[in-house]
Amino acid sequence: MHILILGGTTEARALAGLLHAEARVTSSLAGRVASPRLPEGEVRIGGFGGVDGLVEWIGGHAVDAVIDATHPFAERISFNAARAAATAHVPLLALRRPGWVPGEGDDWRSVASLEAAAGALGGLGERVFLTTGRMGLAAFADRREWFLVRSVDAPEAPMPARTEILLDRGPFTLDGEREILARHRIDVLVTKDSGGAATAPKLAAAREAGLPVVVVRRPPVPEGVPVAATPEEAAARVLSRRWECRVR
């Protein structure tokens, strides 16, 4: 059994480790991070060239199943995977960590896009901790606030004129996030609803500090694609071939 994992996430690496001893596993990474953490099994880096390229790769490498374990905001590859799986007549499963849920004391502003997040900043403060990654900073380029931008690799222009770059990779700690908010005198946090524990401490630190948080909602999984919440659930379903449906 040959399983193609569209990966790059912590969950994708864990899933590859669970499946590696039971099946042939190939993990595909987009190549956007300079030094990615590599999973067990075979690894390919780079895009497929759209839906047609993915269909060709699936057929040419005798793939029996595809697991979309990409970042919850990797919308394009998720929809390409759905179309390619339907065309190639192979089952597709999405692995998505649960999203974050606000709790008592949280001051969250839910928005649909990075552009909406930029628009929501008015009146919330002058010093922004922007943790949406290095892509999409153009949405904030016209803002006058000061931004602390955290990303794994250095971002490229366009970006806000008043920007400090913090290169770092999770998982992060609550003490570390508290220190960042205090040292940089942060007024407001902007994040995507990525879910998971690795980057969640910033939300707790913001809650403790009484800071507003602008949260970009994640895009939906393509219609008809079954979803597993954990690597363990995904591995069990794949190995037992318990697929709810094929994408049409």
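Quick note: numbers below take in every heavy atom, side chains included, and nothing from hydrogens, waters or symmetry partners.
Under a hydrophobic-cluster definition in which Ile, Leu, Val, Met, Phe, Trp and Tyr are linked whenever side-chain heavy atoms come within less than 4.5 Å, directly or via other members, V63 and L54 are assigned to the same cluster. By the rule that hydrophobic residues join a cluster once side-chain heavy atoms approach within less than 4.5 Å of another member, L167 and L137 end up as members of one cluster. By the criterion of side-chain heavy atoms lying less than 4.5 angstrom apart, applied directly or through intervening Ile, Leu, Val, Met, Phe, Trp or Tyr residues, L124 is not grouped with V215; the two fall into different hydrophobic clusters. Under the 4.5 Å side-chain contact rule for hydrophobic residues, V213 and L166 share a cluster.
Residues in residues 52-76 take part in these ring-ring contact (aromatic ring centres under 6.0 Å, His included) pairs, two or more places apart or across chains: F48-W57, W57-H61, H71-F73.
We find the CG-OG1 distance between L19 and T26 to be 11.5 Å, quoted to the nearest 0.5 Å. Put simply, CG on D64 and CG on L4 are 11.0 Å apart, with the number rounded to the nearest 0.5 Å. The OG1 atom of T70 sits 10.5 Å away from atom CD of E11, with the distance rounded to the nearest 0.5 Å. In this structure, L6 CG and L95 CG are separated by 11.0 Å, a value rounded to the nearest 0.5 Å. Atoms CG and CG, on L203 and L189 in that order, are 6.5 Å from each other to the nearest 0.5 Å. Between atom CZ of residue F147 and atom CZ of residue F129 there is a gap of 13.0 Å, rounded to the nearest 0.5 Å.
No more than 12 heavy atoms of other residues, nucleotides or ligands lie within 6.0 Å of CG in D52, so this atom counts as exposed by the packing criterion. Within 6.0 Å of atom CD in E179, more than 12 heavy atoms from other residues, nucleotides or ligands are found, so the atom counts as buried in its surroundings.
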Derivation and outcome, salt bridge (Lys or Arg N to Asp or Glu O under 4.0 Å), residues R178 and E208: CA-CA 9 Å; R178 287 168 175 157; E208 290 180 356; 2.7 Å; yes
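Between L38 and L29, the closest side-chain pair of non-hydrogen atoms falls below 4.5 Å. When side chains are defined from C-beta on, L121 counts as touching V188, because their heavy atoms get closer than 4.5 Å. You'll find the side chain of I186 stays beyond 4.5 Å of the side chain of V128, heavy atoms only. With contacts defined as side-chain heavy-atom distances shorter than 4.5 Å, the pair L92/V66 qualifies. The shortest distance between side-chain heavy atoms of R150 and I180 falls below 4.5 Å. Using a 4.5 Å heavy-atom threshold, the side chains of M159 and R134 count as separate. Taking 4.5 Å as the limit, some side-chain heavy atom of W100 sits within range of a side-chain heavy atom of T199. Residues L148 and L130 form no side-chain contact, since every pair of their non-hydrogen atoms from C-beta on lies 4.5 Å or further apart.
A salt bridge does not link R144 to D142: none of the charged side-chain nitrogens sits closer than 4.0 Å to a carboxylate oxygen. Taking the charged nitrogens against the carboxylate oxygens, D193 and R217 have no contact shorter than 4.0 Å, which rules out a salt bridge. Note on E145 versus R127: no salt bridge recorded, every NZ/NE/NH1/NH2 to OD/OE distance being 4.0 Å or above. K202 and E177 are not joined by a salt bridge, as no carboxylate oxygen comes within less than 4.0 angstrom of a charged side-chain nitrogen. The pair R96-D68 meets the salt-bridge criterion, since a charged nitrogen lies less than 4.0 angstrom from a carboxylate oxygen.
Between G8 and R13, the closest heavy-atom pair is O-NH1, 4.1 Å. The two residues A235 and L15 make their nearest non-hydrogen contact at N-CD1, 3.7 Å. Heavy-atom minimum distance, A88 versus V55: CB-CG1, 4.5 Å. Closest non-hydrogen pair, D187 versus E126, comes out as OD2-N, 2.9 Å.
Listed for the S113 side chain is a donor-acceptor partner under 3.5 Å among the backbone atoms of A116. Looking only at distances, a side-chain donor or acceptor of R44 sits under 3.5 Å from a matching main-chain atom of G47. Put simply, the side chain of T131 gets close to the backbone of V190: a donor and an acceptor are under 3.5 Å apart. Remark: side-chain polar atoms of R97 are paired, donor with acceptor, to backbone N or O of S194 under 3.5 angstrom. The backbone N or O of T163 lies less than 3.5 Å from no partner atom in the side chain of W146, so there is not a single donor-acceptor pair. Remark: side-chain polar atoms of T9 are paired, donor with acceptor, to backbone N or O of A69 under 3.5 angstrom.
Taking Ile, Leu, Val, Met, Phe, Trp and Tyr as members and joining any whose side-chain heavy atoms lie under 4.5 Å apart, directly or through other members, F172 forms no hydrophobic cluster with any other residue.
Residues satisfying the salt bridge (Lys or Arg N to Asp or Glu O under 4.0 Å) test with E42, not counting sequence neighbours, are R24.
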